[in-house]
J.: 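Here's a structure for you.
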Amino acid sequence: MPEEILTAEPPVDAPSRIESYKIFNRISARYDLLNHLLSAGQDIRWRKKAVLKLKEYPNQIVLDLACGTADLAIASLKYNRNVSIALGIDPAEKMLEIGQEKVQARGLESKLKLIGGDGMDLPLASNSLDAAMLAFGIRNVEDCDGCLSELHRVLKFGGRLVILEFSLPENRAFRNIYLLYFRYVLPRIGGLISGDRYAYRYLNRTVETFEYGEAFCEKMRQ
């Protein structure tokens, strides 16, 4: 693991959106199970599709920001032969503990490093990464534009940023079905299994209030 790209421990007062990391700490034990269950297993396919969007050159160092339990970082090493080193950063220590168990179980300690940190002040050197990825986390950042700017800072010239996030369907009929599931079914199932109904009410509210599609692509271009 090339330590020179890590600059320092993140500041203890790094900002977070409504301290959302505390929610993820509370549901960490059931987080993976609920991801697979509530998406009918599609989250695994989405992550694989995301890591295959990285550029086609070898020995890439990639960041998985808001890595949670490290599924995306692990997927990058599993499915993309061009990734040699992965870093995972997340402010939720309970999620990182589960992620570290996965890293050790797969013997990936030399290729995948998980550290505590915040997307607004990454403990990484400028121009140090070939790629950065973020799955289902950008909407939880207090300042989306600031986070994108920080990711731009740590990427090398020509580096690639891949963001996987929820959106709302454009088709009105499907959108209504989707919202019915997101507002009423998902919070109930998530609350029963995780024991934290608020966490899954928070999920649908952040999805519905977050810019997506072309509006978010414009943020990335800027």
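Because only heavy atoms are used, hydrogens play no part in the values below, and waters and symmetry mates are left out as well, while side chains stay in.
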J.: In this structure, would I44 and L108 fall into the same cluster of hydrophobic residues linked by side-chain contacts under 4.5 Å?
T.: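 I44 and L108: separate clusters.
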J.: So, taking the atom named CG in L114 and the one named CD in E109, what distance separates them when rounded to the nearest 0.5 Å?
T.: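 With rounding to 0.5 Å, CG (L114) is 10.5 Å from CD (E109).
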J.: Taking the hydrophobic residues Ile, Leu, Val, Met, Phe, Trp and Tyr, and joining any pair whose side-chain heavy atoms are under 4.5 Å apart, which ones share a cluster with L180?
T.: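 Noted: L180 shares its cluster with Y184.
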J.: Contact between E56 and R81 at the side-chain level, heavy atoms closer than 4.5 Å - yes or no?
T.: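 SC-SC contact between E56 and R81 confirmed.
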J.: Using atom types as modelled and distance alone, determine if a side-chain donor or acceptor of D90 lies under 3.5 Å from a backbone N or O of L96.
T.: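 Between the backbone of L96 and the side chain of D90 there is no qualifying donor-acceptor contact (under 3.5 Å).
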J.: Under the side-chain contact (heavy atoms from CB on, under 4.5 Å) rule, what do S194 and L34 come out as? Steps first, then yes or no, please.
T.: CA-CA 8 Å; S194 70; L34 281 163; 3.7 Å; yes
J.: In Å and rounded to the nearest 0.5 Å, what is the OH to CD1 distance from Y31 to I23?
T.: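 Going from OH on Y31 over to CD1 on I23, the span is 12.0 Å.
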J.: Mind checking the CD-CD spacing from E218 to E211? Nearest 0.5 Å is all I need.
T.: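 CD of E211 is found 10.0 Å from CD of E218.
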J.: Just by distance, do the side chain of S28 and the backbone of N25 share a donor-acceptor pair under 3.5 Å?
T.: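 Here the side-chain-to-backbone pair exists.
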J.: Could you give the distance from CG (L155) to CG (L63), rounded to the nearest 0.5 Å?
T.: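 Between atom CG of L155 and atom CG of L63 there are 8.0 Å.
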J.: Evaluate the side-chain contact (heavy atoms from CB on, under 4.5 Å) criterion for residues F216 and S167: first the C-alpha distance (whole Å), next the side-chain angles of each, then the deciding distance (0.1 Å), finally the verdict.
T.: CA-CA 10 Å; F216 184 73; S167 62; over 6 Å; no
J.: If you look at every heavy atom in M95 and F24, which pair is closest and at what distance?
T.: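 Smallest interatomic distance, heavy atoms only, reads SD-O, 3.5 Å.
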J.: Is it true that R160 and D130 make a salt bridge, defined as a side-chain N closer than 4.0 Å to a carboxylate O?
T.: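 Here R160 does not pair with D130 in a salt bridge, since their nearest N and O are not under 4.0 Å apart.
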J.: Please answer: with hydrophobic residues joined when any side-chain heavy atoms are less than 4.5 Å apart, are I98 and L77 in the same cluster?
T.: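 Hydrophobic grouping puts I98 apart from L77.
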J.: Please give me the minimum heavy-atom distance between L164 and A50, naming the atom from each residue.
T.: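 Distance-wise, the nearest heavy atoms are CD2-CB, 4.4 Å.
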J.: Where do N35 and S39 come nearest, in terms of heavy atoms and distance?
T.: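 Shortest heavy-atom contact: O-OG, 2.7 Å.
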J.: Below 4.5 Å, heavy atoms only, C-beta onward: do Y181 and L38 meet side chain to side chain?
T.: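 A side-chain contact exists here, since the closest heavy-atom pair is under 4.5 Å.
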J.: Find out if a path of hydrophobic residues (ILVMFWY) with successive side-chain heavy-atom gaps under 4.5 Å connects V185 to F174.
T.: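 No, because V185 and F174 fall into different hydrophobic clusters, even though each may have its own neighbours under 4.5 Å.
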J.: NZ/K49 to CD/Q42 distance, rounded to the nearest 0.5 angstrom?
T.: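 Rounded to the nearest 0.5 Å, the NZ-CD separation comes to 10.0 Å.
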J.: Determine whether V141 and L65 make a side-chain contact, defined as any pair of heavy atoms from C-beta on separated by less than 4.5 Å.
T.: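 Side chain of V141 against side chain of L65, heavy atoms only: no contact under 4.5 Å found.
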J.: Kindly list each side-chain donor-acceptor pair under 3.5 angstrom involving residues 67-74, sequence neighbours excluded, with atom names and distances?
T.:
from	atom 1	to	atom 2	distance (Å)
T69	OG1	D32	OD1	2.7
T69	OG1	D32	OD2	3.3
T69	OG1	K102	NZ	3.0
D71	OD1	K102	NZ	2.6

J.: Could you tell me whether the side chain of R26 and the main chain of G195 form a donor-acceptor pair under 3.5 Å?
T.: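 Not confirmed, R26 side chain does not pair with G195 backbone.
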J.: Search all heavy atoms of L52 against all heavy atoms of Y79 and return the closest pair with its distance.
T.: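 Residues L52 and Y79, closest heavy atoms: CD2-O, 3.4 Å.
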J.: Taking it one step at a time, do R139 and T206 satisfy side-chain hydrogen bond (donor to acceptor under 3.5 Å, both in side chains)?
T.: CA-CA 6 Å; R139 71 182 190 281; T206 55; 2.8 Å; yes
J.: May I ask you to decide if P169's main-chain N or O and R175's side chain share a donor-acceptor pair within less than 3.5 Å?
T.: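 At least one qualifying donor-acceptor pair exists.
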J.: Are there more than 12 heavy atoms of other residues, nucleotides or ligands under 6.0 Å from atom CZ of R172?
T.: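 Count not over threshold, so no.
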J.: Are any of the side-chain heavy atoms of S76 and D64 separated by less than 4.5 Å?
T.: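 No, their side chains stay 4.5 Å or more apart.
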J.: Within this structure, what is the CD1-NZ distance for the pair I85 and K113, rounded to the nearest 0.5 Å?
T.: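 So the CD1 of I85 and the NZ of K113 are separated by 11.0 Å.
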J.: Could you tell me whether the side chain of E150 and the main chain of L122 form a donor-acceptor pair under 3.5 Å?
T.: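 It does hold such a pair.
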J.: Test your reading of the model: is there a side-chain donor-acceptor pair from Q60 to the backbone of K55, 3.5 Å cut-off?
T.: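 Flag set: sc Q60 to bb K55 pair under 3.5 Å.
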J.: Could you give me the CA-CA distance, side-chain angles and deciding distance for I138 and C147, then say whether side-chain contact (heavy atoms from CB on, under 4.5 Å) is met?
T.: CA-CA 8 Å; I138 189 69; C147 181; 3.9 Å; yes
J.: Does NE2 belonging to H152 count more than 12 external heavy atoms closer than 6.0 Å?
T.: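 Not buried by this count: 12 neighbours or fewer within 6.0 Å.
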J.: Taking the side chain as C-beta and beyond, is there a heavy-atom pair between L54 and N82 under 4.5 Å?
T.: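 No, their side chains stay 4.5 Å or more apart.
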J.: Return the minimal non-hydrogen interatomic distance between E208 and L179, and the atom names on each side.
T.: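 Scanning both residues completely, I find the closest heavy atoms to be CD-CD2, 3.7 Å.
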J.: Measure the shortest side-chain to side-chain distance between V83 and V51 over non-hydrogen atoms and say whether it is less than 4.5 angstrom.
T.: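 Heavy-atom side-chain distance check fails, nothing below 4.5 Å.
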J.: Honestly curious: do I177 and F166 fall in one hydrophobic cluster under the side-chain, below-4.5 Å linking rule?
T.: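 No, separate clusters.
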J.: Hey, mind stepping through V162 and V62 against side-chain contact (heavy atoms from CB on, under 4.5 Å) and telling me if it holds?
T.: CA-CA 10 Å; V162 177; V62 305; over 6 Å; no
J.: Is the number of heavy atoms from other residues, nucleotides or ligands under 6.0 Å of E214 CD greater than 12?
T.: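 Buried by this count: over 12 neighbours within 6.0 Å.
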J.: So, does R47 use its side chain to make a donor-acceptor pair with the main chain of A75 at under 3.5 Å?
T.: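 It does not hold such a pair.
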J.: Testing the basics here: between D145 and K219, what is the closest heavy-atom pair and its distance to 0.1 Å?
T.: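 For D145 versus K219, the nearest heavy atoms are OD1-NZ, 3.0 Å.
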